[in-house]
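The structure appears right after this line, and notes come after that.
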Amino acid sequence: MDKEKLNWRSFADGRPISEKWNASTPGYYVIDHKGVIRYKWVGNPGEKAIDAALEKLIQEAEENAQQLPK
């Protein structure tokens with residue numbers, strides 16, 4: 001991470017994480033604010049799929065915020 005100046009968490013530990021999360025490389029995940037995996041792709045899903053997943057979560061968050069008492 002330091003060498004490549006990655007600004008996100010990255011793990012390369014072989015089997016333990018991949019077995020626990022049933023993950024493969026490359027794998028893409030969208031995790032909500034509660035830490036729940038809401039979307040998972042094996043292989044690159046493409047920019048449109050990731051954007052659509054994020055947009056849906058943002059829309060849900062905005063709808064939930066509107067329902068909160070003021």
Side-chain angles (χ1 to χ4, degrees):
M1 289 176 58
D2 292 336
K3 177 183 173 189
E4 299 299 327
K5 297 184 178 25
L6 300 178
N7 61 357
W8 62 85
R9 290 184 183 167
S10 179
F11 300 95
D13 72 341
R15 292 210 152 312
I17 288 177
S18 65
E19 288 174 356
K20 182 177 181 179
W21 284 35
N22 190 26
S24 30
T25 302
Y28 293 81
Y29 298 86
V30 174
I31 301 171
D32 69 15
H33 70 286
K34 294 180 181 179
V36 175
I37 297 172
R38 297 285 299 269
Y39 298 92
K40 173 186 172 184
W41 298 274
V42 175
N44 187 345
E47 187 177 322
K48 289 181 182 180
I50 294 171
D51 286 348
L54 293 173
E55 186 60 39
K56 184 171 182 179
L57 289 181
I58 291 167
Q59 184 178 9
E60 287 177 17
E62 288 173 346
E63 289 170 2
N64 289 338
Q66 291 174 359
Q67 295 173 1
L68 294 175
K70 295 182 180 187

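Note: hydrogens, waters and symmetry copies are ignored here, and every other heavy atom, side chains too, is used. Predicted model, so just to flag it, every value in this text is computed and none were measured. In this chain, residues are counted from 1 in sequence order.
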Report task. Sort and list the pairs that fulfil salt bridge (Lys or Arg N to Asp or Glu O under 4.0 Å) and have at least one residue in residues 55-68, not counting sequence neighbours. Result -> R38-E60

Query - Distance (rounded to the nearest 0.5 Å) between L57 CG and Y39 OH - result: 5.5 Å

Query raised in the report: If we only count heavy atoms from C-beta on, is the V30 to I37 side-chain gap below 4.5 Å?
Result: no

Report task. Enter the distance from I50:CD1 to Y28:OH here, rounded to the nearest 0.5 Å. Result -> 6.0 Å

Report task. Return the set of residues passing side chain to side chain contact (heavy atoms under 4.5 Å, CB included) with K48 (not counting sequence neighbours), or none when no residue passes. Result -> none

Requested in this report: Just jot down the side chain to side chain contact (heavy atoms under 4.5 Å, CB included) partners of A49, sequence neighbours excluded, or say none.
Outcome: W41, P45

